[in-house]
Structures are given as structure tokens and as C-alpha cells.
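What follows is a short report on a single structure.
None of the values given here were measured: they were computed from a predicted structure.
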Amino acid sequence: MEKSEIVGVLEEISELLELKGENPFKVRAYQSGARALESLEEDLGTVIEDKRLGQIKGIGKALVEKITSLHETGKLAYYDELKASVPESMIELLTIPNLGPKKIKKLHDELGIDSIDSLKAACEAGKVADLAGFGAKTESKLLTGIANRVAYQARHHWWTAATVAEPIVEALRELPEVDRAEAAGSLRRKRETVGDLDFIVASKTPKPVMDWFVGLEGVEEVTAHGQTKSSVRFQGGLQADLRVVPPEQFAFALLHFTGSKEHNVHMRQRALERGWSLSEWGLFDKDTKADDPDRQSVIQAESEADIYAKLGLKFVPPELREDRDEIAVAEKGDFPKFLEIEDIKGVFHNHTTASDGHNTLEEMVTAAQELGFEYLGIADHSKASFQANGLDEERLAAQIEKISELNASGKFTCHVFAGSEVDILKDGSLDFADDVLASLDYVVASVHNSLTLSEEEMTKRIIRAIENEHVTMLGHMTGRLLLKREAYAVNIPKVIDAAIANDTIIELNANPWRLDLDWRYWRQAVEKGLLTSINPDAHDTDGLGLFVAGVNVARKGWIEPKHVLNTRPLAEIKTYLGL
DNA sequence: GCCGTTTTCGGCCCGACTGTTTTCAGTCG
């Protein structure tokens, strides 16, 4: 078994032990053992062979045996027995907010609750409020948590949806019957979350395409299988529709099913003003009837651009079709040149195994270089982020030293900047003193705790951090976790103004679970002079690639390359950071 | 389960919030 898989097993063991009400220190021992193993930079096989595994801090006699067994045989009897003793549906209970291992154990022991369904039933029957340590408020919070979970499950993160959709579009294009294929809908508009997938295909022989689609791997249920439209549901709950249209209708169908609905309403109004009626079938004389067999489209549209042109508009990129005056701009002239993936020259705000990342410094730099980045900014957590293994002053100094040696070694062409994601404490002061901050190349300041302050207090707190001269940029401003946790209360326009006044950057956290600050605020903010940085907040080497999701929403926010720090080449960044 | 030692057992572990209590336990980041 590979190192990363073993880390996963150790983490799962710790979860299972927690649910069983085991000694919390034992639980933590498995967590820290997993972390210690993860930060191992050498080859695991070699370390086991040399009998040096036990020398690693956090890995004792018991873990040496278990890790060795997993590495050599892929099996561990202890793990199998533990797994068999806890119902799988019970692990899911840990995903409900305000419900931790202790309460789950109590619910299980006293009421026999072992799943979300049985918890819901018990709450609705009022049985939970009667338990000692629980109450009416807890019961209703749990019910809310369960309800939110259901609502959230109806939508999916863009990244997840795109990962499913992209290979399907490519495969559709490979089919001999298919002329053209695109994914439409909110996925194409690069919305932060996606309800379902819409595939539009141009073909003269729909049937084989339909049959291929409903037979896709991972399809759990076929909810429709017709002549021109089929619907399926994949494992994990994601739904997908496929529409096959004749080639001459493709552009109209793509425009229609890309939306947004509001954008379409505007477009149809515009057509009506010109004596036409626009639909997914074509652009028609408004006085002809849909059931008229001789009805002909006013134009033959090869592409969506042809339709926009006929209506006197420049092509509107899908990301902009949100009915936020994009049609007015398209009427007057061209859009500015928005941010593109290849504009990004490097990324800041990334973690390593020094705090809660899953790859070492060298692994991260290697990956950044493979992506073609000129530079990589490391910003591990600071000490107040105790749960994330935040660095204290001493460990930070050692990391700065290590980075400086790495740069001097000439091993990588990718330059590494030494930074920190320093915690903004409750009163707005920072987790490191100014002289420590001054020793860094740059500083990301983020809120990670006390999320329930009033809007006024939170705003004051964040602005105080922005005003610190050592703070280069503000991290994930609102703290939202898409489909999991709402943003905390904060006066966003006030924070934006303060950032502009203090020449502080506000990051666009590109992690698909955050995409924070929300795209709806950016257009106005950059017009006012705000500078941003597209930050993947990577916790592993794959995470570096998430900057693409940030570029997506940057385009939705009308952000241009000049508004983004990390479109600048290395030399300019050094100047900007005063290095 | 790990660690360290005043060496074989006791300590490991931050700070805030919430809801349940009436001084604290559980959860979260």
C-alpha cells in the first residue's frame, strides 16, 4: 500500500476510535501519526527496511507495526475489526454540524441511532431533546443541519461537475454520429455551484448517441430515454440531460440552454423589438406559429456569435451571461480582455506538510514548476491555527531558512517566496509580531476563528489587519464554504474600501469550495482600484491546479489581467514585494 | 498510542462559543 493510502487508513482509524468513545489521546496519536507519516520526505519502503520508522516523532512501536503491515501486505486486521464494529452509516453523522463523536456515541447508546435517517426520526419525535446534555435548541439545530445537507446535496461544486462533464463532452465528440457537442448550463457559465449537467449535441442520427449516453459508466438511474432528450443520474447524485438537435439548430439550442434564464429573457425581448421571436429552435418572424411546418429561421447561425450579431451585439462570453448589464456593454462595443489561464505566472497562498498541507516543500515546488509557474508562494498557517498545526516563530524561521537555501541551490527555476497565512486574532491583531512579519517575503492574513462576531466587530477586526503595513493580502474574506457553511457577517464594501486605501490586496481564493470573495463583488471593486491575487490555497500538489477555478470566477467578475498581482512576471513581483 | 524520564507511568491540549447547565461539556476551527 502506498504512503498516502496508509495515511488515509490511520485517519479513518482515528475517526472510528472517536466514535467508539476511545481515549482522546489515543485518537490524537493516530492523527499525529498520520501527519508524521505524511510529512516523511524519504521513500517509505527504504525507511521501513532501515528500521528507522520508529525514530520519527509521533510514530511509536504500535504504529511501526501497523504501518509496516499496511505497506507490505495492504492489510491490517485491527483496522478490519474496527471497521466491522461501527455501522458505516454512523460515520456520516460526523458531517452534521454541531454533532461530534461524544454526542453521536450518546445518541447511539441511548436511542440506538446509527444513521442520519434514524437521527431525523428521533429528532422529529422529540426524543433527542429529552436526553441529558441535549435540549430543544440542539434538537432543532440538528434538524436544520439535516435539512441543509439535503438542500446542499442537490447542488455540486463546479469543479466536481466539470470533472464529470469534461470527459463526457470529449467522448461525445468522438462518436461518428456527432457533429458538435458542448456542455451548457451553469457549468458553461462557470457558476460556483452547478445543479445538473446539460449536454447539447448536433447530430442527424440521435438514437445511437442517446443509447451511448444512458449506457455511460457510473449511471445509476435512467430517468428519461427519448428521441431527442435523455436524462440520467450518476452515482453521487449528479443529474445530466442530453439533448440532440439537428446541426442547423445547434447554436440556438446552445445559447438557450446555457442561460442564464434572465439573460435569455433579455435576448428574446431584444429579438421581439426587431420583429423576431428567439427560441432554442431558431430566430423566426414573430408572426409565424411554432406549429407551422414551413417556418424558417431568419438566419442560419453557425455559432452563437452569429445570433448575437444579428441582434446587434458583440459575442457575450458564457461567464458573463448573468443579466448584469452585459447586453448593454455588448451593444456599445467590445468587452475588455478578461483574465485567461495562461496569464497566471505563479501562485501565492499554498500550504505544505509544515502545517496542514499534504505535500512537502520540494514536492510543491516540483509541481509548481511542472505547471510552468515562475514562482510559488508558501504560506503555512500560524500558531493560533492550532488545529492546522500552525507554525510558531521558531518553526517559521526554520522554514524561511529552508526556502532561502532551496532558492540558492539552483535546483529549481521556480522561485519560492517565503510567506505565512497569519491568523487575524479576535481583536484584529495578528498572530505574529511585526518584526516576525517583516522577516517574510509576504503575508496573507486570514480569519479562522471567532466566526460569530457581529458584523460591526468582524468588519473592524478585518480592517485592523488590513491596516498592518506588513500584510500583503487578505485571505478568504468571508470564510464561506460552498454547500457547507455560509459566510460570516462582514461589511464587504467597507473592507474593500479599506483595502484600496491601504494598498492591501484581497485574494480571490480559488479553492472550488471557497471562491471567496464572491464574483459578484469584483467588477465594482477592481473598477475602484482594488488589486487581487488568484490564490489556489493548495493543500497538496494537485491543489495548485485549482487556480483555474479562480480564473473562471475572475472572468465572471470582469477581472482583467492588470487587476491581478500574479499575472506579473517574477522580477515585477520582487519589486512589488520590495525584495 | 506516544513520549520522556526525576525510567515504566502520567501528561499529552489552544481558545472561543453554544447550550446546557448553575460550573461545565461538547464542538469547531
With a 4.0 Å cut-off, would you call Arg520(A) and Glu192(A) a salt bridge?
yes

Would you say the side-chain atoms of Ser446(A) and Glu421(A) include a donor-acceptor pair closer than 3.5 Å?
yes

Suppose we screen for ring-ring contact (aromatic ring centres under 6.0 Å, His included). Which residues come up paired with Phe547(A), at least two apart in sequence or across chains?
Phe373(A)

Taking the side chain of Lys103(A) as its heavy atoms from C-beta onward, which of dC14(B), dG19(B), dG26(B) lies nearest to it?
dG26(B)

Polar side-chain atom of Ser69(A) near backbone of Lys75(A) as donor-acceptor pair, under 3.5 Å
yes

Donor-acceptor side-chain pairing of Thr352(A) and Asp380(A) below 3.5 angstrom
yes

Looking only at N and O atoms, is any donor in the side chain of Asn23(A) or the base of dG1(B) less than 3.5 Å from an acceptor on the other one?
yes

Do any side-chain nitrogens or oxygens of Lys66(A) fall under 4.0 Å of OP1 or OP2 in dG1(B)?
yes

Mind calculating the distance between CZ (Arg35(A)) and P (dC12(B)) to the nearest angstrom?
19 Å

For the pair made of OH in Tyr488(A) and P in dG29(B), what is the distance, rounded to whole Å?
13 Å

Round to a whole Å and report the spacing from CZ of Arg480(A) to C1' of dG29(B).
19 Å

Closest to side chain of Leu453(A), choosing from dG4(B), dG26(B), dC17(B)
dC17(B)

Please round to the nearest 0.5 Å and tell me the distance separating atom OG1 of Thr366(A) and atom CG of Leu361(A).
9.0 Å

So which nucleotide does dT8(B) pair with, by the Watson-Crick or G-U wobble rule with both distances under 3.5 Å?
none

Among side-chain atoms of Asp537(A) and His349(A), is any donor-acceptor pair under 3.5 angstrom?
yes

Determine which pairs satisfy salt bridge (Lys or Arg N to Asp or Glu O under 4.0 Å) with at least one residue from residues 425-436 of chain A, sequence neighbours left out, and list them in order.
Lys383(A)-Asp431(A), Asp427(A)-Arg464(A)

Over 60° means perpendicular and under 30° means parallel, so classify the ring planes of His539(A) and His381(A), tilted if in between.
tilted

Selection from dG26(B), dG1(B), dA16(B) that lies nearest to any side-chain heavy atom of Lys102(A)
dG26(B)

Atom-to-atom span, CZ of Arg28(A) to P of dT27(B) - whole angstrom
15 Å

I'd like the P distance from dT6(B) over to dC12(B), given in whole Å.
16 Å

Using atom CG of Leu99(A) as one end and atom C1' of dG19(B) as the other, report the distance to the nearest whole Å.
14 Å

Nucleotide nearest Leu451(A) when distance is taken to its side chain, options dG1(B), dG29(B), dT18(B)
dG29(B)

Check the phosphate of dG1(B) against Ser32(A), side-chain N and O only, distance under 4.0 Å to OP1 or OP2. Yes or no?
no

Taking the C1' atom of each, how far is dT8(B) from dC2(B), in whole Å?
13 Å

Which nucleotide in the set dC12(B), dG1(B), dT27(B) lies at the smallest distance from any side-chain heavy atom of Pro101(A)?
dT27(B)

Quick one: which protein N/O atoms are closer than 3.5 Å to N/O atoms of nucleotides 20-24 of chain B? Pair and distance per line, please.
residue	atom	partner	partner atom	Å
dT20(B)	OP1	Gly135(A)	N	2.8
dT20(B)	OP1	Gly135(A)	O	3.3
dT20(B)	OP1	Thr138(A)	N	3.2
dT20(B)	OP1	Thr138(A)	OG1	3.0

With syn defined as a glycosidic angle within 90 degrees of 0 and anti as anything else, the base of dT18(B) is anti

Atom NZ of residue position Lys528(A) - does it have more than 12 heavy atoms of other residues, nucleotides or ligands inside 6.0 Å?
yes

Sequence neighbours excluded - salt bridge (Lys or Arg N to Asp or Glu O under 4.0 Å) pairs with any residue from residues 91-112 of chain A:
Glu92(A)-Arg149(A), Lys105(A)-Asp109(A)

Contacting residues from residues 45-55 of chain A, given that a heavy atom lies under 4.0 angstrom of DNA chain B
none

Residue whose nearest DNA chain B nucleotide is more 5′ - Val64(A) or Ser450(A):
Val64(A)

When you check the phosphate oxygens OP1 and OP2 of dC17(B), does a side-chain N or O of Lys426(A) lie under 4.0 Å from one of them?
yes

Pairwise C1' distance, dT23(B) and dC17(B) [rounded to whole Å]
16 Å

Does the side chain of Pro512(A) reach to within under 4.5 Å of the side chain of Leu546(A), using non-hydrogen atoms?
yes

One thing to verify: whether Lys460(A) and Glu456(A) come together as a salt bridge, which I'm taking to mean a side-chain N less than 4.0 angstrom from a carboxylate O.
no

Pairwise C1' distance for dG11(B) and dT5(B), with rounding to whole Å
12 Å

Under 3.5 Å, which protein N or O atoms sit close to an N or O of nucleotides 7-11 of chain B? Give each pair with its distance.
none

Of the candidates dG26(B), dT18(B), dG1(B), the side chain of Thr452(A) sits closest to dT18(B)

Whole-Å gap separating P (dC17(B)) and CE (Met458(A)):
10 Å

Where the side chain of Ala29(A) is concerned, which of dC2(B), dG29(B), dC17(B) is the nearest nucleotide?
dC2(B)

Distance, C1' atom - from dT20(B) to dA25(B), rounded to whole angstrom
8 Å

Leu17(A) CG to dC2(B) C1', in whole Å, measures 14 Å

Distance check, C1' atoms only: dG26(B) and dT21(B), in whole angstrom units.
13 Å

Which of parallel (below 30°), tilted (30 to 60°) and perpendicular (above 60°) describes Tyr375(A) and Phe348(A)?
tilted

Candidate nucleotides dG19(B), dG1(B), dC3(B), ranked by approach to the side chain of Lys57(A) - the nearest
dC3(B)

Between P of dC2(B) and CD1 of Ile67(A), the distance in whole Å:
9 Å

